[in-house]
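The structure under discussion appears below in the form of structure tokens.
Values in this document were obtained by computation on a predicted structure and should not be read as measured data. Atom set for the values below is all heavy atoms of this structure, side chains included, hydrogens, waters and symmetry mates excluded.
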Amino acid sequence: MQAALFRQYGGPEVLEIAEAPEPHAGPGQVRVIVHAASVNPIDWKIRSGAMAAEAAPPAPVIGGFDAAGVVDEVGEGVTEASLGDPVFGLGTSTQAEFAVLRSYVAKPASLDWAQAAGLAVAAETSLRVFGLLGLTSGQTVLIDGAAGGVGSAGVQIAVALGARVIATASERNHDYLRQLGATPIPYGDGLVDRVQQAAPQSVDAVFDVVGKTPIGELVSLVSDPAQVVSIANFDAAKAGAQVTSQGGDPKAALQRAAELAAQGRLKLEVREFGLAEVAQAHEISQQGHVRGKLVLVI
């Protein structure tokens, strides 16, 4: 099969489209013919070597952690999917013609392949964070870095929960965030004052998506440091905040995301690329300031 992969760490130029062995579904898993797979910030962080202990990967690395496609192989014990079913979900090495998903649900008919592919990581992450925060209706949450995939999914999910959302982003994305139901404010110097002006009664929780605001500033906004959860600042725990990269109940999160999408309450803006344009997608992701999701259509 054709796959987007790299054999050494480095910039986007190390990526190539090459032949790779087809994966096969293990117990509880499904293999899909991939129609679309998203590019997440974790992809370029891994490709750059920033998260590696070794000088070079021991084998070619295929990127991708979520995808949407048609089931063409089911593993032992699978009862919730059949051959030919359109699904989306979480896996590894998804930026290829075939991919194995460990957590998956039926694709809502209202979403095209690219939108469905971009939903899994973004929605699962947001729902996991809101579970840690115990976010409920009537509360106010600050989402710091809200215009990207995870942030914009988080805005819509928080609104669906009945929360008030204050969302940081560059000025060019403020109208977009208003359309999603948030109160947008600029990020950067003076953030604490702007949050306090937007929420005079204080905020109940903070979702740190991009890790750029000093954690001390975010912690100062809440009564308990544990009401700040970061997915990008792994030193945040030193200030008493929570840090998360996995856990929760992915299947339940995907099901909830599918329900919201089917109701028209969760839909991500996507920018599409061909598989051969994976390096360009990585470069754009690494530059930051992405609105919605970058998705490879295969």
*Could you point out which residue of Thr136, Ile157, Thr125 forms a side-chain contact (heavy atoms from CB on, under 4.5 Å) with Phe130?*
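Considering Thr136, Ile157, Thr125, a side-chain contact (heavy atoms from CB on, under 4.5 Å) with Phe130 is found only for Ile157.
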*With Asp66 as reference, evaluate Val121, Leu101, Leu254 under the side-chain contact (heavy atoms from CB on, under 4.5 Å) test and give the passing residue.*
Val121
Test item: [X] and [Y] side chains (from C-beta on) under 4.5 Å apart, heavy atoms:
X	Y	value
Ser152	Leu268	yes
Val297	Phe273	no
Asp43	Phe65	yes
Glu259	Arg256	yes
Thr94	Val34	no
Leu15	Arg47	yes
Asp204	Val141	no
Val30	Val78	yes

Taking [X] for its side chain and [Y] for its backbone only, find out whether a donor-acceptor pair lies under 3.5 Å.
X	Y	value
Arg194	Pro186	yes
Gln227	Leu133	yes
Gln139	Arg164	no
Ser103	Gly89	no
Asp193	Gly190	no

I'd like to know if [Y] and [X] are part of one continuous hydrophobic network [Ile/Leu/Val/Met/Phe/Trp/Tyr, side-chain heavy atoms within less than 4.5 Å].
X	Y	result
Ile231	Leu90	yes
Val210	Val155	yes
Leu127	Val228	no
Val71	Tyr104	yes

From [atom1] ([X]) to [atom2] ([Y]), nearest 0.5 Å:
X	Y	atom1	atom2	answer
Trp113	Lys107	CH2	NZ	5.5 Å
Arg178	Thr183	CZ	OG1	8.5 Å
Asn233	Leu218	CG	CG	8.5 Å
Leu294	Gln280	CG	CD	9.5 Å
Leu266	Gln156	CG	CD	5.0 Å

Kindly check if the number of other-residue, nucleotide or ligand heavy atoms within 6.0 Å of [atom1] ([X]) is above 12?
X	atom1	result
Glu76	CD	no
Gln246	CD	no
Gln201	CD	no
Gln263	CD	yes

_Where Val14 and Tyr9 come nearest, the two heavy atoms and their spacing_ =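 Smallest heavy-atom distance, with atoms named: CG1-O, 4.1 Å.
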_Using a 4.5 Å cut-off between side-chain heavy atoms of Ile, Leu, Val, Met, Phe, Trp and Tyr, which other residues end up in the same hydrophobic cluster as Ile33?_
Met1, Leu5, Ile62, Phe98
*asked:* Under a 3.5 Å threshold, yes or no: a donor from one side chain and an acceptor from the other, between Lys293 and Asn40?
replied: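 Judged by distance alone, the side chains do pair up.
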*Show your working on side chain to side chain contact (heavy atoms under 4.5 Å, CB included) between Lys251 and Val105 and close with a plain yes or no.*
CA-CA 7 Å; Lys251 185 62 173 284; Val105 295; 3.7 Å; yes
